2 protein chains.
Amino acid sequence: MKKKSNRVTITQVAEKSKVTIGTVSHVINGTAPISPEVTARVQKVIEELNYIPNMTARSLRSKKSKQVGFLVPNLNNSFYPRILSTFINHAFEHEFIVQIFGYEYSVEKELQVMNNLSSNSVDIVIIINGMGDEAGINRLLDMHKKVILADRFSDMKGVNCIFFDNNQAILEAVALMKSKGYRKIGFISEPLTFTNIQERFAGFQAALSACGYAFAEDDVFICGGFQLDALVNGYHYMSNILEKRDKKHLPDAFIATSDLLAIGTIRALREHGYQVPGDFGIISFDNIEISSFVNPRLTTIEQNQTDMGTELFHLVQAISENKNVSDKIILPQKLIIRDSC
Amino acid sequence: MKKKSNRVTITQVAEKSKVTIGTVSHVINGTAPISPEVTARVQKVIEELNYIPNMTARSLRSKKSKQVGFLVPNLNNSFYPRILSTFINHAFEHEFIVQIFGYEYSVEKELQVMNNLSSNSVDIVIIINGMGDEAGINRLLDMHKKVILADRFSDMKGVNCIFFDNNQAILEAVALMKSKGYRKIGFISEPLTFTNIQERFAGFQAALSACGYAFAEDDVFICGGFQLDALVNGYHYMSNILEKRDKKHLPDAFIATSDLLAIGTIRALREHGYQVPGDFGIISFDNIEISSFVNPRLTTIEQNQTDMGTELFHLVQAISENKNVSDKIILPQKLIIRDSC
DNA sequence: TTGAAAGCGGTACCAG
DNA sequence: CTGGTACCGCTTTCAA
């Protein structure tokens with residue numbers, strides 16, 4: 001009849017240690033000065049019983065959960081999993097639990113998730129990218145959740161932002177194109193919905209004029225459709241363009257807003273008989289792992305995903321300890337020169 | 001002084017509805033026959049107050065949480081995020097919350113995570129791959145958690161398994177190599193720690209003899225080192241081999257246990273001046289998205305990640321509703337013929 | 001059909 | 001330093 005190996009509770013520990021549950025709680029949390037003897041006794045019992053505090057009870061009472069909600073656009077572009085990967089490792093190390101949600105680039109779904117999250121146990125919510133979700137963010141704030149916006153700029157008060165500097169490296173990129181003799185530079189991009197993409201577009205225009213190139217609306221290519229699959233989209237999009245415009249009427253170099261987009265684009269280019277970087281040079285953003293394993297190896301503007309993950313966690317940690325942190329954290333980008341330009 | 005927009009509780013709803021909290025609970029959960037009038041009144045108040053039940057309190061009391069722990073090797077190989085992606089979407093749809101953990105191919109860490117999980121609020125734990133963790137699984141079972149093993153076979157009782165049929169497609173793959181005239185087939189693999197890899201190795205040997213090839217221990221290449229980065233590992237590993245053995249002493253075709261491994265391998269091959277599929281044919285496993293965008297496009301054995309994610313969720317759903325489900329679910333693999341062989 | 005009350009397993013406050 | 005105890009917000013008997 002001793003089959004029911006149910007969970008050990010603090011009460012059992014208290015009884016076996018001949019103290020009250022309050023005391024046990026104190027030795028566990030260090031919330032009161034307990035004598036060395038009692039401390040040792042209690043700890044011994046904890047060991048013996050293999051007692052682990054019930055997180056649910058703990059957070060019900062303390063209103064703190066060490067749980068963070070992590071909201072990503074999706075998990076297919078390896079950019080996000082890389083950030084997440086680093087983050088969850090730090091989190092585990094420090095006993096934070098991370099709940100994961102994907103909003104699939106949909107505002108509606110993003111809002112739904114936020115609504116959901118506002119009634120749930122997390123006390124910090126991280127949103128990567130996202131837009132048009134201010135109502136949701138305010139809701140979260142009302143419920144006393146902390147919110148962190150990543151890879152995104154915002155002026156909302158009460159939220160922390162962490163994002164890449166989208167202006168510096170693109171200047172180097174355009175300068176590189178110039179030095180390689182490319183005549184005209186186009187911009188091939190995902191829809192300009194997220195602030196990071198908007199910034200890149202602005203940075204692109206600035207770099208163009210800084211390097212003496214003219215900006216032509218005609219050479220901006222916004223690759224529509226779902227953002228779910230940049231790889232496939234980039235491929236179809238460029239294939240389409242090549243059906244309609246020949247090389248003469250196209251830029252001979254492109255800044256692409258993501259590596260995946262670039263890889264898709266390059267495949268389309270090659271299938272139409274063009275060489276990269278011979279006929280067209282391409283520099284993209286991200287530096288995901290595969291970038292150095294495709295042909296040609298991508299020249300790309302790195303946004304260090306590991307750094308982002310780590311910084312994000314530091315932020316979470318600081319916030320949950322009520323430490324003072326800067327509202328805005330800016331991470332550098334870095335031009336990685338390989339073969340595509 | 002009405003600033004503290006704190007969360008609405010069931011007590012407030014009860015007071016405003018002039019009933020007791022028990023009654024409110026019953027109308028929310030349908031756990032007792034409440035009169036239409038009272039039901040309507042309570043629901044109206046719930047609307048007005050925008051009341052959302054506190055999940056923490058609810059699960060403390062009911063010992064059910066609709067939370068599932070999802071344990072993956074890591075998030076860098078896009079195989080896992082793809083499964084996860086599908087899973088979290090289904091989960092969200094049905095109001096399940098998923099906590100994510102990465103064990104980074106380390107048994108120790110896997111055990112740590114499990115230990116952690118056993119004291120936490122999840123009631124179902126999904127483990128993808130993993131090994132040597134039977135103690136952890138039993139611990140989970142002791143704590144009355146359900147456990148699901150994915151992409152892995154096990155005979156442990158009380159756990160559900162869902163995995164791919166690792167025997168059929170590889171036979172087709174080897175037959176294809178035969179028909180293309182490849183003379184000798186090697187096996188380039190990650191360490192044989194996981195059951196899926198072991199099965200592939202067995203399937204490989206069976207396929208070899210079925211197609212009239214001889215098996216040579218010498219042509220089995222186990223790519224050691226960390227499994228974290230198959231791409232980089234495959235590259236270094238094959239580079240090394242090519243330093244020591246020339247084409248004559250090597251198989252002219254390879255079965256690789258993952259696409260990433262194959263992509264790394266192919267780069268090494270090409271850097272040494274070899275053509276794929278001219279000099280060497282390669283067929284790998286997974287069919288991750290990038291597989292059709294690298295050069296050459298990979299001929300690969302698809303393991304449908306979306307299907308795995310979906311099936312996994314169905315399993316979770318069935319288990320959490322105490323429905324009867326088969327202990328073992330087998331998913332088919334499928335040979336996708338492209339250019340690498 | 002509804003009310004009353006006992007906890008779930010902890011934390012935190014107050015006494016002594 | 002340690003004990004006692006009132007909750008956290010909800011579910012779940014048990015009575016009425």
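Here the structure is a predicted model, which means the values were calculated and not measured.
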Using a 4.0 Å heavy-atom cut-off, does [X] contact any base of the nucleic acid, only the sugar-phosphate backbone, or nothing at all?
{"X": "B/Val24", "answer": "nothing"}
{"X": "A/Ser35", "answer": "sugar-phosphate"}
{"X": "A/Lys64", "answer": "nothing"}

Need to verify one output field. Residue with the more 5' nearest nucleotide on DNA chain C, B/Ala57 or B/Thr20?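 The 5'-side residue here is B/Thr20.
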Tabulate atom names and distances for all N/O pairs under 3.5 angstrom spanning the protein and nucleotides 12-16 of chain C.
none

Nearest-angstrom distance from the residue atom [atom1] of [X] to [atom2] of [N]:
{"X": "B/Lys63", "N": "C/dG7", "atom1": "NZ", "atom2": "C1'", "result": "10 Å"}
{"X": "B/His144", "N": "C/dC8", "atom1": "NE2", "atom2": "C1'", "result": "16 Å"}
{"X": "A/Met55", "N": "C/dC8", "atom1": "CE", "atom2": "C1'", "result": "16 Å"}
{"X": "B/Lys18", "N": "C/dA4", "atom1": "NZ", "atom2": "P", "result": "14 Å"}
{"X": "A/Leu60", "N": "C/dG7", "atom1": "CG", "atom2": "P", "result": "17 Å"}

Determine all donor-acceptor pairs shorter than 3.5 Å in which one atom belongs to a side chain in residues 48-56 of chain A; sequence neighbours excluded.
| unit_1 | atom_1 | unit_2 | atom_2 | d |
| --- | --- | --- | --- | --- |
| A/Glu48 | OE1 | A/Lys16 | NZ | 3.2 |
| A/Glu48 | OE2 | A/Lys44 | NZ | 3.2 |
| A/Asn54 | OD1 | A/Thr56 | N | 2.7 |
| A/Asn54 | OD1 | A/Ala57 | N | 3.1 |

Quick one: does any side-chain atom of [X] pair with a main-chain N or O of [Y] as donor and acceptor, under 3.5 Å?
{"X": "B/Asn304", "Y": "B/Asp307", "value": "yes"}
{"X": "B/Thr310", "Y": "B/Thr306", "value": "yes"}
{"X": "A/Tyr103", "Y": "A/Val113", "value": "no"}

From OG (A/Ser85) to CG (B/Asn74), nearest 0.5 Å: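 CG of B/Asn74 is found 5.5 Å from OG of A/Ser85.
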Is the Lys NZ or Arg CZ of B/Lys328 less than 6.0 Å from the centre of B/Phe163's six-membered ring, within 45° of the axis?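 No, B/Lys328 and B/Phe163 do not form such a contact.
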Please report the closest heavy-atom contact between B/Met156 and B/Glu134, naming both atoms and the distance.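 That closest heavy-atom pairing would be SD-CG, 3.7 Å.
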With sequence neighbours left out, what residues match A/Glu95 under salt bridge (Lys or Arg N to Asp or Glu O under 4.0 Å)?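 For A/Glu95, no residue satisfies salt bridge (Lys or Arg N to Asp or Glu O under 4.0 Å) once neighbours in sequence are set aside.
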Qualifying residue, where the test is side chain to side chain contact (heavy atoms under 4.5 Å, CB included) with A/Ile329 and the options are A/Ile148, A/Asn160, A/Ile162: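 Testing each of A/Ile148, A/Asn160, A/Ile162 against A/Ile329, the sole residue satisfying side chain to side chain contact (heavy atoms under 4.5 Å, CB included) is A/Ile162.
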Just distance, no hydrogens or angles: give the donor-acceptor pairs under 3.5 Å from side chains in residues 120-127 of chain A, sequence neighbours left out.
| unit_1 | atom_1 | unit_2 | atom_2 | d |
| --- | --- | --- | --- | --- |
| A/Asn120 | OD1 | A/Val122 | N | 2.7 |
| A/Asn120 | ND2 | A/Gln99 | OE1 | 2.8 |
| A/Asp123 | OD2 | A/Ser65 | N | 2.7 |
| A/Asp123 | OD2 | A/Ser65 | OG | 3.2 |

Work out how much the helix from C/dT1-D/dA16 to C/dG16-D/dC1 bends between its end axes, five pairs an end, to the nearest 10 degrees.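 About 40°, once rounded to a multiple of 10°.
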Along DNA chain D, 5' to 3', what are the outermost nucleotides having an atom less than 4.0 Å from a heavy atom of chain A?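 Going 5' to 3' along DNA chain D, contacts run D/dC1 to D/dG9.
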Side-chain contact, heavy-atom cut-off 4.5 Å: B/Val42 with B/Ile34?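 Heavy-atom side-chain distance check fails, nothing below 4.5 Å.
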Does a side-chain N or O of A/Thr9 approach OP1 or OP2 of C/dG9 to a distance below 4.0 Å, or not?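 Answer no for this pair, as no side-chain N or O of A/Thr9 is under 4.0 Å from OP1 or OP2.
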